[in-house]
Amino acid sequence: MTRRISWTLLAVLVLAQICYPLTTGATRAGLTVATVVLGWLLSVGHALLSRGPRVAAALVAVATGGGFAIEAIGVATGVPFGSYDYSGELGPKLAGVPLIIPLAWTWMAWPAWLAAVRLTGGRATTAGGDTATAGGSGPAAGGSGSTAGRWVGRIALATVGLAAWDLFLDPQMVAEGYWVWRDATPALPGLAGIPVSNYLGWLLFAVLMMSALRPLAGPAAEHTDRRDHPMVALYLWTYFSSILAHAVFLDLPASALWGAAGMSVTAVPLAVTLLRARRGGDSGREAHQPHRPGVDATR
C-alpha cells in the first residue's frame, strides 16, 4: 500500500513537472504551487506510511516548521541567505513568506535523507526477512568505521544532497520573478542575480535540519528498504530531469552545470549503488536457479 500510494503521487508529480516548460505566466505559477504541494504530500505521506507518525511529525517539525522559521528570519533580517523579497505569484504569505516555501524544503529533505542513509550503510530488510546493508556499500558494509564517523558522513551527504538542489531551484525561480535579491553580489559565475550567501545559508540550515531529524525521528529513520524506492526515484528524477530542463527547455545552461556538479555528490553514488545492488540481485537469483540437465549443460 505504501509503495502504491507513493508511486502514484510520484507519477502525478512527474507529469506536473513535465508540463512546467509548456506553460507560462499565471498558469506556470499555479503549476509551481501544485507541484510543491504534491511533493510535500509525497514525502510526508511516505514518511507516515512507511515509518509511522513519529517520523512524519519529526519531518514536518524540522523541515516544514524549521523551513518557515528560517525563511521568516531571512526575509526580515537578511540572515542567513541575504536580503530578498518574495513576489505575490506563489500564493498567500505569512510574515512575508509564501506558505508553499517551507513545503518545498520538506519535499526534498526526506529523499535527500534517505539517499544519505542508503549510501552510509542503512540496514534494509531483504525479501527473505534477513537484514543486510542497503546496496552493500558504506562503512557498515565492510564492518569498519565508527558509528560517529558514519553519522557524520550521513549528515554531510544529506546536507549536500538537499542544499545542492538550490543550484537548480534558485536560478529557475529568480528567472520567473518569484523572488528577487536586493544585493546579488558576489555571485557564482554564470548565476548572476543570486548571491553566494544564499547557497551558504542553505548549507547552514540543511546541516541543522539533518542533524535534528534523526534524534527526533528515532531509529526508524536509520534504515532503508524496498518501501523507499519511490523516494530514491524522486531524488534521481529531480537530479537528471533538472539537468535536462535547465540545459534544454529553460535556457539556463549555467545552473544546469552548477546543479549537475553539486547534486552529483549524492546522486551519482546513489545511482551507482542502485546499479550494483541490481546486478548483485540478478546474479544471486541466477546462482540459485536449479540446474537443468541438458539445458544447462554448458554452464
Side-chain angles (χ1 to χ4, degrees), residues 26 28-45 47-48 55-113 155 158-188 191 193-217 238 262:
R28 179 174 284 189
L31 189 60
T32 299
V33 172
T35 300
V36 173
V37 172
L38 279 170
W40 186 88
L41 290 173
L42 173 57
S43 290
V44 175
L48 176 64
V55 175
L59 178 63
V60 171
V62 170
T64 309
F68 173 76
I70 197 69
E71 290 283 352
I73 293 170
V75 169
T77 69
V79 177
F81 307 109
S83 297
Y84 61 104
D85 294 295
Y86 286 103
S87 71
E89 296 185 67
L90 295 179
K93 300 179 186 179
L94 179 63
V97 180
L99 295 179
I100 69 158
I101 295 300
L103 305 189
W105 283 98
T106 315
W107 165 20
M108 283 302 292
W110 184 235
W113 171 260
I155 296 301
T159 294
V160 174
L162 173 61
W165 177 49
D166 194 50
L167 291 165
F168 290 120
L169 181 65
D170 227 273
Q172 181 178 336
M173 298 297 102
V174 168
E176 293 297 332
Y178 296 155
W179 58 80
V180 61
W181 294 91
R182 299 173 192 166
D183 182 3
T185 56
L188 293 175
L191 299 183
I194 306 163
V196 172
S197 60
N198 169 61
Y199 305 111
L200 297 177
W202 267 72
L203 281 170
L204 173 63
F205 179 59
V207 74
L208 294 175
M209 183 193 309
M210 297 305 179
S211 298
L213 181 59
R214 164 57 185 87
L216 291 175
T238 300

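Quick caveat: nothing in here was measured; it's all calculated off a predicted structure.
Residues satisfying the salt bridge (Lys or Arg N to Asp or Glu O under 4.0 Å) criterion with Glu89, sequence neighbours excluded, are absent altogether. Here Ala95 pairs with Phe68, Ala72 under the side chain to side chain contact (heavy atoms under 4.5 Å, CB included) rule; sequence neighbours left out. Taking the ring-ring contact (aromatic ring centres under 6.0 Å, His included) definition, one finds that Tyr86 meets it with Tyr84, Trp179, sequence neighbours left out. Looking at residues two or more places apart in sequence or on another chain, you find a side chain to side chain contact (heavy atoms under 4.5 Å, CB included) between Thr64 and Trp40, Val60, Pro102, Leu103, Thr106. Trp107 pairs by the side chain to side chain donor-acceptor pair (under 3.5 Å) definition with nothing, not counting sequence neighbours. Shown here are the side chain to side chain donor-acceptor pair (under 3.5 Å) partners of Tyr178, two or more places apart in sequence or in another chain: there are none. Remark: Ile155 pairs with Trp113, Trp151, Thr159, Val207, Met210, Ser211 by the side chain to side chain contact (heavy atoms under 4.5 Å, CB included) rule, at least two apart or across chains. Evaluation of the side chain to side chain donor-acceptor pair (under 3.5 Å) rule for Thr185 yields Asp183 as partners, not counting sequence neighbours. Ala163 is linked by a side chain to side chain contact (heavy atoms under 4.5 Å, CB included) to Trp202, Leu203, Ala206, counting only residues two or more places apart in sequence or in another chain.
A distance of 6.5 Å separates CD1 in Ile70 from CG in Leu204, rounded to the nearest 0.5 Å. Note: Leu31 CG to Leu38 CG = 9.0 Å, rounded to the nearest 0.5 Å.
Counting only heavy atoms from C-beta outward, the side chains of Leu167 and Leu188 approach each other to under 4.5 Å. Between Ser43 and Pro111, some side-chain heavy-atom pair lies under the 4.5 Å cut-off. At a threshold of 4.5 Å between non-hydrogen side-chain atoms, the residues Pro80 and Leu200 do not count as touching. The shortest side-chain heavy-atom distance between Ile194 and Pro171 falls under the 4.5 Å cut-off. You'll find the side chain of Leu90 reaches within 4.5 Å of the side chain of Thr32, heavy atoms only. Residues Leu94 and Leu99 meet the side-chain proximity criterion, which asks for heavy atoms closer than 4.5 Å. Counting heavy atoms from C-beta outward, Leu162 and Met209 have side chains that approach closer than 4.5 Å.
Shown here for Ala184 and Ala187, the closest heavy-atom pair between the two residues is O-CB, 3.5 Å.
For the side-chain hydrogen bond (donor to acceptor under 3.5 Å, both in side chains) condition, no pair includes a residue of residues 92-102, sequence neighbours left out. Residue pairs meeting the salt bridge (charged side-chain N to carboxylate O under 4.0 Å, His left out) criterion with at least one partner in residues 76-88, sequence neighbours excluded, are Asp85-Arg182. For the salt bridge (charged side-chain N to carboxylate O under 4.0 Å, His left out) condition, the pairs that include at least one residue of residues 194-217, sequence neighbours left out, are Arg214-Glu222.
Less than 6.0 angstrom separates the ring centroid of Phe205 from the ring centroid of Trp105.
Side-chain contact annotation: Asp170 with Trp181, donor-acceptor N/O pair under 3.5 Å present.
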